[in-house]
Structure formats: C-alpha cells, structure tokens
Amino acid sequence: MAVDVLLGLQWGDEGKGKIVDVLTQNYDIIARFQGGPNAGHTLEFEGYKHVLHTIPSGVFHPNSKNIIGNGVVIDPVIFKKEIDNLLAHDVKVDEVLQISRKAHLILPSHRLLDAASEAAKGKNKIGSTLKGIGPTYMDKTGRNGLRVGDIELPDFKERYDALVAKHIQILNHFEGFEYNLAEIEGTWFAAIDFLRERTLIDSEHLIHQALRNGKTILAEGAQGSLLDLDFGSYPFVTSSTTTCAGSCTGLGIAPNKIRKVFGIFKAYCTRVGSGPFPTELFDENGAMLAKKGHEFGATTGRPRRCGWIDLPALKYVIDINGVTDLIMMKSDVLSGMKTIKVCTSYNYKGTEIDYLPYRIDEKLLSPVYTELSGWEEDITTLENFDEAPQNLKNYVAYLQKELGVPITVVSVGPDRKQTINLEKEAAV
Ligand code: GDP
Ligand code: IMO
Ligand code: MG
C-alpha cells in the first residue's frame, strides 16, 4: 500500500542499519535501492554485533522479506561472505532474501580499476572504499555492465570475458599499476555459482504486486545525501543516487507511492574519505567525538573525521529528500560536552549565507556557529524522553524548530533497545 524511505542525511554512517532493524517489524518488505559493499550497516542486539554490506538490515526478522533492488551493485564474493556469516548465526537468510536480476555485478577487474584510478589521483583521491563501486556504475551508465540475471545465460562467461578485455585495455593505461587478475577470479566465479542458487527475481514486478496487495515496504538507503552523485560534495561523492529519488529508480517505485521519508542524522557529524567538511574539528572536541563515538568505518576500518552538526547542509538535504521525520542518532556521544556548537550559516567569500553553495571547500567557506549548553548525564539507559536532561531536550527542540521537521526518534546507544520513540511521548 505504501513505501517509506529511510536514508542518511550526512556523509554516511548515521546509523541506518540500526534503525531499519528497529523499524522492520512494521513492514512486510525491506529493500535496498542503491550502493553496494561500500556500505557497512551495523546492528546490535542480544549481545551480538552484525555488519551488513549488501543485504538489507531487515534480515534478522523472519516475518519480513528482504530485497536487493536493481539499483544495487553486488560483489558476489562479499555477498557470499555475508550470507555465510548469517548462516553461522542461524539466520534463515534464504527464506527471507531475494535479489533483483537487474542489479549489476562488481567484477574483480572493477575493483582493480577503482584501485588504479585512486592511485593515479594521488593526493586528490576520492578516498573510495576500493570496492569497485565507481567503475561498476560507470559500466552501468556506459551500457556495458553485467547484471545478476546474466549469470543464468549460457554465454555468461563470454560476456564476462568481453567486459574484462575492455577493462584490461584501460588498466594498461595506468603506468606502474601491477595486478594479478587470475588470482582473484577463481573465488569470484565460485561466488557466482553460489549466487545462482539464491532466489533471483524480477524485483520491480514483485514490488508492484506487493503494493497492490496492501503490503508495506521500507526502502533502505546506503551512504548519505551529502555523498549523492548530483547533490553531494562532488567529486568527493559516491557513484549512485543516495537521495530519495534513488529509491524510485533503484526499486521501480513510482514517486506517488512514497509516504514517509525518514531522515537520519548524527547529533554531530562525521565523514570518512576525502572531501570538504566545513564543520570538521581538529581539536580535543573532535578527538572526544571520535573516541566516544568509536568513529571507525564499518567497511574499511578507517578513522572517521568528526565535527559539529551543520544546519544549512541538513536543511538542503531535507528539501531534496522531502524528509517527513527526523531521527537523531548517537545523542549519548555528546554527554559530557560543556558546550555544543551548531553551524547555522556560512561565511562564504566574505558574505554570510545560510545555504549550501556550489562549492563548500574550506578555502572559500567557514562555518558560523551558535552555542548551546551541553549535559553531563550518561543517557545510555534512558527509556523515557520526559526524563532526559533538560539540555538534551533543549537541543532536540532547537534542532527541530530550525529544521522545520519533527524529530521522532532519539537514539542513545548502538543497541536495538537504546532507541526512544518521541511520538509516543509528550517529548520536548
Ligand atoms: P550506517 O552505515 O548508517 O548503518 O551506520 P554504521 O553502522 O556505519 O555506523 C554507525 C555506528 O554507530 C555503528 O557502530 C552503530 O553500532 C553505532 N550506533 C548507532 N546508533 C548509535 C547511538 O545512538 N549511540 C552510539 N553510541 N552508537 C550508535
Ligand atoms: P554507509 O551506507 C560512509 C564514501 C567513501 C568515499 C566516497 C566514495 O555505511 O553509510 P565509493 O567506494 O562509494 O566510491 O567511495 O564515499 N562512502 C561512505 N562513507 N558510509 C558509507 O556507506 C560510504 N560509502 C561510501 O569513504 O569518501
Ligand atoms: Mg556505515
């Protein structure tokens, strides 16, 4: 009957996996619509921590189906590892997971192209996750890509060889880049055989049918809106549409079927990889956020850069996505901060502006802050927002007033249970 979309509003890692898991009980289907194994979505419950890369975060609930949509790019090797991990935890993954035949395949040579391109860029590198994401989407738009459905064709190997021959030609242009493709191909083909045995579907038809039958769908975004190919901090972005529009193209959903858009943000801000980050901190506050928030990438283990929350950037992506509900994550990490800064506008080439301009690099732009008082209390066991420290209530009230969208959930820790639903309460 309706599709809700959940997506990150910053540079990724906002806590999407945790919240999809919490919300799954309300939906019949959870569907990933873009990205691939560059994503790392962490879920914590019952003393376990799981990191998912390609598989939707609804997979732990036996009553919901999970779809990997046509907009996703799949590395069969990483996919197989994810499934093996889930099976080791007794998750009946094959009973709940279906994969679109139109999703594109990441080849071993895509990963090599990603590495070669990054190495050639030197200090201007994107800081990609090196999972082959950019080259795979390039082949998709270049109309050369291989799709999951192709593995059912008798001439799959010839198609593979033809594409790899093109890749080798390109790789030969990268001087000094050494590689051994044969070494990684064997595992890839074994994983293709494994993928062939999973449930492959024409996902858009299944989704349309489900909607006709009154089912509810939650579309799970990967990355964040500031990494969007069009609207993010280009060229330091990923290669897919991470904004709400991506759920339409990545699943075959018509825009008028979208009901709620959940926008997730951290109570501060992080970024991993290169690119501008106006509110980035290089002082003890930044170090404190990194340490307390355990800010290391779930996919690459790289340290995440940390900074204050950025309202002009959030307002921009709220408009682009049509966000109806805001979800604030990692509020507990701010406990103990005497003062919390909030970027309210920018100084841009000597003028104060309150919107995100064409370029946001630090040479042109510096943040203008307002200060709010912090709170001392540990809030990780908080269950009722009425009992929250007054300054946390003030922070939430301030943000929702400035952003013009209600904050409906406040997260106070990584566990499923550390989630406060403000809609059920008198709240702020
Ligand atoms: P995603 O990519 O958006 O799913 O987010 P990641 O899983 O990459 O990163 C979020 C990290 O923060 C994970 O390690 C989560 O377990 C953790 N996390 C999520 N919500 C909270 C929270 O409210 N407080 C704290 N302290 N950690 C959280
Ligand atoms: P989740 O879904 C944070 C970043 C990379 C790099 C840029 C391009 O866990 O939030 P790519 O490999 O996509 O070509 O890298 O995008 N990036 C992410 N940062 N979270 C992610 O996903 C990311 N996926 C990609 O660090 O800066
Ligand atoms: Mg992540």
Side-chain angles (χ1 to χ4, degrees), residues 8 10-13 34-40 73 75 106-142 144 166-179 222-243 246 269-282 286 290 295-307 310 312-313 316-317 343 346-349 356-367:
Q10 294 159 323
W11 278 289
D13 302 330
Q34 45 67 235
N38 47 350
V73 291
D75 181 331
I106 302 177
L107 273 53
S109 43
H110 283 133
R111 288 196 356 236
L112 294 175
L113 285 167
D114 200 357
S117 159
E118 285 287 80
K121 283 193 162 117
K123 70 174 178 33
N124 295 322
K125 69 176 182 187
I126 307 294
S128 99
T129 58
L130 300 178
K131 302 291 178 204
I133 304 296
T136 306
Y137 279 115
M138 279 165 73
D139 270 339
K140 177 177 177 175
T141 52
N144 293 313
K166 281 189 191 170
H167 291 167
I168 288 173
Q169 276 185 2
I170 304 171
L171 283 169
N172 289 342
H173 287 286
F174 289 98
E175 232 168 85
F177 182 78
E178 287 177 15
Y179 61 93
Q223 290 76 55
S225 296
L226 298 174
L227 287 170
D228 181 81
L229 182 57
D230 281 85
F231 300 108
S233 46
Y234 192 90
F236 300 100
V237 293
T238 191
S239 299
S240 66
T241 297
T242 61
T243 45
C269 193
T270 63
R271 169 162 210 173
V272 27
S274 330
F277 180 1
T279 61
E280 184 169 9
L281 288 166
F282 301 95
E295 294 296 356
F296 293 93
T299 295
T300 57
R302 290 178 294 175
R304 296 181 186 139
R305 301 151 65 192
C306 296
D310 184 335
Y316 169 70
V317 298
C343 167
Y346 305 123
N347 217 316
Y348 182 60
K349 299 181 186 168
L356 215 63
Y358 173 63
R359 287 181 65 194
I360 57 167
D361 47 296
E362 54 278 8
K363 282 187 218 87
L364 304 171
L365 176 146
S366 60

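What's counted below: heavy atoms across the whole structure, side chains too, no hydrogens, waters or symmetry copies.
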Got a second to check how far Lys349's NZ is from Leu364's CG, nearest 0.5 Å?
6.0 Å
For the atom pair CD1 (Ile106) and OG1 (Thr136), what is the distance rounded to the nearest 0.5 Å?
4.5 Å
Interatomic spacing from CD1 in Ile126 to OG in Ser117 - rounded to 0.5 Å:
7.5 Å
Quick one: list whatever passes side-chain contact (heavy atoms from CB on, under 4.5 Å) with Asn124, sequence neighbours left out.
none
Do side-chain atoms of Thr242 reach the backbone of Leu227 as a donor and acceptor pair under 3.5 angstrom?
no
With Asn347 via side-chain hydrogen bond (donor to acceptor under 3.5 Å, both in side chains) - residues at least two apart
none
Between atom OG of Ser109 and atom CG of Leu171, what is the distance when rounded to the nearest 0.5 Å?
7.0 Å
Would Phe296 and Val272 satisfy side-chain contact (heavy atoms from CB on, under 4.5 Å), going step by step from the backbone distance to the final call?
CA-CA 8 Å; Phe296 293 93; Val272 27; over 6 Å; no
Going from CG on Asp139 to CG on Leu113, what distance comes out if it is rounded to the nearest 0.5 angstrom?
8.0 Å
Is any side-chain heavy atom of Asn144 closer than 4.5 Å to one of Met138?
no
Donor-acceptor pair, side chain of His110 and main chain of Leu107, under 3.5 angstrom:
yes
Suppose the criterion is salt bridge (Lys or Arg N to Asp or Glu O under 4.0 Å): which pairs have a residue in residues 295-306, not counting sequence neighbours?
Asp13-Arg304, Lys266-Glu295, Glu280-Arg305, Glu295-Arg304, Glu295-Lys330
Partners meeting salt bridge (charged side-chain N to carboxylate O under 4.0 Å, His left out) with Asp361 (sequence neighbours left out):
Arg359
Can you name the residues that form a side-chain hydrogen bond (donor to acceptor under 3.5 Å, both in side chains) with Thr243, not counting sequence neighbours?
Asp228
side-chain contact (heavy atoms from CB on, under 4.5 Å) with Leu229: which residues, sequence neighbours excluded?
Tyr234, Val237
Side-chain contact, heavy-atom cut-off 4.5 Å: Ser233 with Phe277?
no
Going by the salt bridge (Lys or Arg N to Asp or Glu O under 4.0 Å) test, which pairs reach into residues 106-127, not counting sequence neighbours?
Asp75-Arg111
Hey, mind stepping through Thr270 and Cys306 against side-chain contact (heavy atoms from CB on, under 4.5 Å) and telling me if it holds?
CA-CA 4 Å; Thr270 63; Cys306 296; 4.0 Å; yes
So which pairs with a foot in residues 115-142 pass ring-ring contact (aromatic ring centres under 6.0 Å, His included), sequence neighbours left out?
none
Mind checking whether Gln34 and Gln223 have side chains closer than 4.5 Å, heavy atoms only?
yes
Those residues at least two apart in sequence (or on a different chain) that pass side-chain contact (heavy atoms from CB on, under 4.5 Å) with Ile168 are Val164, Asn172, Tyr179, Leu181
Could you walk me through whether Thr238 and Asn38 pass the side-chain contact (heavy atoms from CB on, under 4.5 Å) check?
CA-CA 9 Å; Thr238 191; Asn38 47 350; 3.3 Å; yes
Minimum heavy-atom distance Ser274-Gly127, with the two atoms named:
OG-N, 3.5 Å
Minimum heavy-atom distance Pro278-Pro367, with the two atoms named
O-CG, 3.3 Å
Residue list, side-chain contact (heavy atoms from CB on, under 4.5 Å) with Pro357, at least two apart or on another chain
Tyr346, Tyr348, Ile353, Tyr355, Ile360, Leu365
Apply the test side-chain contact (heavy atoms from CB on, under 4.5 Å) to residues Leu226 and Asp310: give CA-CA distance (whole Å), side-chain angles for both, the deciding distance (0.1 Å), then the verdict.
CA-CA 11 Å; Leu226 298 174; Asp310 184 335; over 6 Å; no
Do Trp11 and Ser225 have side-chain N/O donor and acceptor atoms under 3.5 Å apart?
no
Considering residues at least two apart in sequence or located in another chain, which fulfil the side-chain hydrogen bond (donor to acceptor under 3.5 Å, both in side chains) criterion with Thr241?
none
Arg271 side chain vs Gly307 backbone, donor-acceptor pair below 3.5 Å:
no
